[in-house]
Amino acid sequence: PRDDPFDENPVRLFREVGTTVFKSGWEPDDFVFVFRSGPFINHQHIDQGTFWLSDRGSLFIEERHGSTYYEDPLYQPWYTQPVGHSTLLIDHNHQSQRVGDLLWNVEGFDDYAFTTHFLDGENAAFTSGDIGRLYWGKVKCLKRNILYLKPRTLLMLDTITPGDQDVDVTALYQTHYLESITASNDCSEITVDGNTLFVKHLAPDYREVKEVETPHYLYTLQRQRPLKKEGMLTVTARTNKVPLVLANLLTSTTESKPVIETEKGNGFASGKVNGIPFVFTTFPGNIYDADGIKTDALVFTGSGSKLFVAICTTLIRDNVMIIESEQPVTCEIDGGKLKYYSCTDNEAALGVASKPTSVMINGKDAESYIYDGNRSVVKLTLPSGEGIVEVK
């Protein structure tokens, strides 16, 4: 029997198939973002890393449509390929990706895209899709990381580690009609039904932003009169021997432009969107110091005692240790409570003001932990997956 979804959390990862959903609610005009990074499923296009985005009742980002199957000469070279989706191309190759292994049927076939870190917090959520293995060896690593600043803003950080040679990386944003797009090297716009999605291009400094006309497919040619030009927005940047961070912020409005403030720092960039702060690294893996917060986090948001931090091993605030871990964690920190995601069992140290009276992990007393009074930290093992640590 059908059941309404209104008591369900509208933010969710379907990990087995690699689908992330960020929603601000269940109404037709709520923010909706759907992202794919997972194994190949029968009848699926070659589209890992693609996403759909709708807000205020308008569908802004989608994929190309209008094709029949094999009667359409563009079905195989364009329609089913990455170029027909809102994903990433390498070196302008429309067929950049290969097919990953199937999820089911054969044991040991696990060569496919996957989703690693995922965490839903009170004011933010995060997901990270690893799709690099599908790019024919052109890159050592390629991840699409998305920070959701609730209720209707995304910070997309595509991190690309080149192989033996540097590559051009192009992010595609498919929308219906070419006339909907206004490309700008600073902040592009996609306007649908009187609503506008703003795409603020944050990094790197050297990029090429274009409005690109896309072909009409067979069903559209047969059925639509008059024809209107269709198109996509593209953002291209090049690696330079080191990992590239291609950063774009997406938010929509019905009226004036949103207030987006940005500033470059040493190894990071920071900003605010409608008053919500964010900081992201421009040199992944390196430690940077942003307004008294010393960290190697890919990205973080929040203020005061409440922080949301993604893919981090070190976090120090005003020279006080907050968290240190052997493997990267994504976490929401709220006073003595830590909600986290870790890919593996993880040895970590949490900063404390004094010797704790209790340490609980996932609602149970921690079996073993060590209090180090010299460093004012509690050392413990974070179990793999999602969990909650409470220190009192």
Side-chain angles (χ1 to χ4, degrees), residues 18 20 35-39 46-51 82 85-93 95-101 110-118 126-147 155-172 201-208 234-248 264-269 279-288 295-300 309-314 325-330 341-344:
T20 298
F35 168 65
R36 286 282 297 117
S37 179
I46 308 171
D47 64 350
Q48 296 304 321
T50 197
F51 70 99
H85 302 83
S86 295
T87 183
L88 296 156
L89 302 183
I90 298 296
D91 286 339
H92 311 280
N93 179 2
Q95 302 170 7
S96 290
Q97 286 185 21
R98 63 176 176 82
V99 175
D101 283 348
D110 56 3
D111 184 20
Y112 45 70
F114 55 98
T115 302
T116 57
H117 288 239
F118 172 86
F126 178 80
T127 191
S128 179
D130 190 325
I131 60 176
R133 61 181 59 186
L134 303 181
Y135 281 85
W136 302 102
K138 292 289 186 178
V139 292
K140 289 182 181 177
C141 183
L142 194 159
K143 295 181 180 179
R144 172 152 271 188
N145 311 281
I146 302 102
L147 177 68
L155 177 56
M156 301 191 71
L157 302 171
D158 299 316
T159 55
I160 304 95
T161 304
D164 296 334
Q165 297 180 342
D166 283 317
V167 295
D168 286 335
V169 183
T170 303
L172 311 179
H201 311 300
L202 301 177
D205 292 335
Y206 300 101
R207 54 186 175 261
E208 185 177 39
T234 68
V235 183
T236 301
R238 188 166 182 82
T239 61
N240 186 20
K241 309 300 181 186
V242 295
L244 168 70
V245 178
L246 185 60
N248 295 278
K264 284 184 258 183
N266 185 14
F268 70 94
V279 179
F280 64 90
T281 182
T282 51
F283 293 96
N286 291 348
I287 291 178
Y288 56 92
T295 184
D296 63 349
L298 176 71
V299 62
F300 69 87
V309 185
I311 308 186
C312 161
T313 64
T314 299
S325 62
E326 288 188 354
Q327 300 297 323
V329 293
T330 293
Y341 177 84
S342 178
C343 293
T344 62

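It should be emphasised that the depicted structure is a prediction, and the values quoted were computed from it without experimental measurement. These numbers come from the heavy atoms of this one structure, side chains and all, not from hydrogens, waters or symmetry mates.
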Between atom [atom1] of [X] and atom [atom2] of [Y], what is the distance when rounded to the nearest 0.5 Å?
X: D130; Y: K143; atom1: CG; atom2: NZ; value: 5.0 Å
X: D91; Y: Y135; atom1: CG; atom2: OH; value: 11.5 Å
X: S342; Y: Q327; atom1: OG; atom2: CD; value: 7.0 Å
X: T314; Y: I287; atom1: OG1; atom2: CD1; value: 4.5 Å
X: S128; Y: F114; atom1: OG; atom2: CZ; value: 8.5 Å
X: F51; Y: R144; atom1: CZ; atom2: CZ; value: 6.0 Å

So, does [X] use its side chain to make a donor-acceptor pair with the main chain of [Y] at under 3.5 Å?
X: R36; Y: G18; value: yes
X: Q48; Y: L134; value: no
X: T239; Y: V167; value: yes
X: S86; Y: T50; value: no
X: Y288; Y: G265; value: no

Residues which pass salt bridge (charged side-chain N to carboxylate O under 4.0 Å, His left out) with [X], listed by chain and number, not counting sequence neighbours:
X: D110; value: none
X: D166; value: K241
X: K264; value: D205

Open item on the list: Testing the 3.5 Å rule here: is there a donor-acceptor pair between the side chains of T236 and T170?
Closed with: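 Their side chains do contain a donor-acceptor pair, which is all the 3.5 Å distance test asks for.
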TODO: Consider only side-chain N and O atoms of T330 and H117, and report whether a donor and an acceptor are under 3.5 Å apart.
DONE: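 Short answer, yes.
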Tell me every residue that passes side chain to side chain donor-acceptor pair (under 3.5 Å) with [X], counting only those two or more places apart in sequence or in another chain.
X: D111; answer: R98
X: T161; answer: none
X: T20; answer: T127
X: T281; answer: none

Considering only heavy atoms from C-beta outward, does the side chain of [X] approach that of [Y] to under 4.5 Å?
X: D168; Y: E208; value: no
X: I90; Y: W136; value: no
X: T295; Y: F268; value: no
X: P204; Y: L244; value: yes
X: N145; Y: L298; value: yes

Looking only at non-hydrogen atoms, find the nearest pair between [X] and [Y] and report the distance.
X: C343; Y: T116; value: SG-CB, 4.2 Å
X: S37; Y: T115; value: O-OG1, 2.9 Å
X: L172; Y: P82; value: CD1-O, 3.6 Å

Open item on the list: Going by ring-ring contact (aromatic ring centres under 6.0 Å, His included), name the residues that satisfy it together with F300, two or more places apart in sequence or in a different chain.
Closed with: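 So F300 forms no ring-ring contact (aromatic ring centres under 6.0 Å, His included) with any residue.
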TODO: Can you sort out the partners of F35 under ring-ring contact (aromatic ring centres under 6.0 Å, His included), two or more places apart, ordered by chain and number?
DONE: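 Not a single residue meets the ring-ring contact (aromatic ring centres under 6.0 Å, His included) criterion with F35.
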Open item on the list: Determine whether D158 and L88 satisfy the following criterion, side-chain contact (heavy atoms from CB on, under 4.5 Å), listing intermediate values before the conclusion.
Closed with: CA-CA 9 Å; D158 299 316; L88 296 156; 3.7 Å; yes
Side chain to side chain contact (heavy atoms under 4.5 Å, CB included) partners of [X], counting only residues at least two apart:
X: A247; value: L157, L202, A203, V245, F280
X: T313; value: D296, S325, P328
X: V99; value: F40, I46

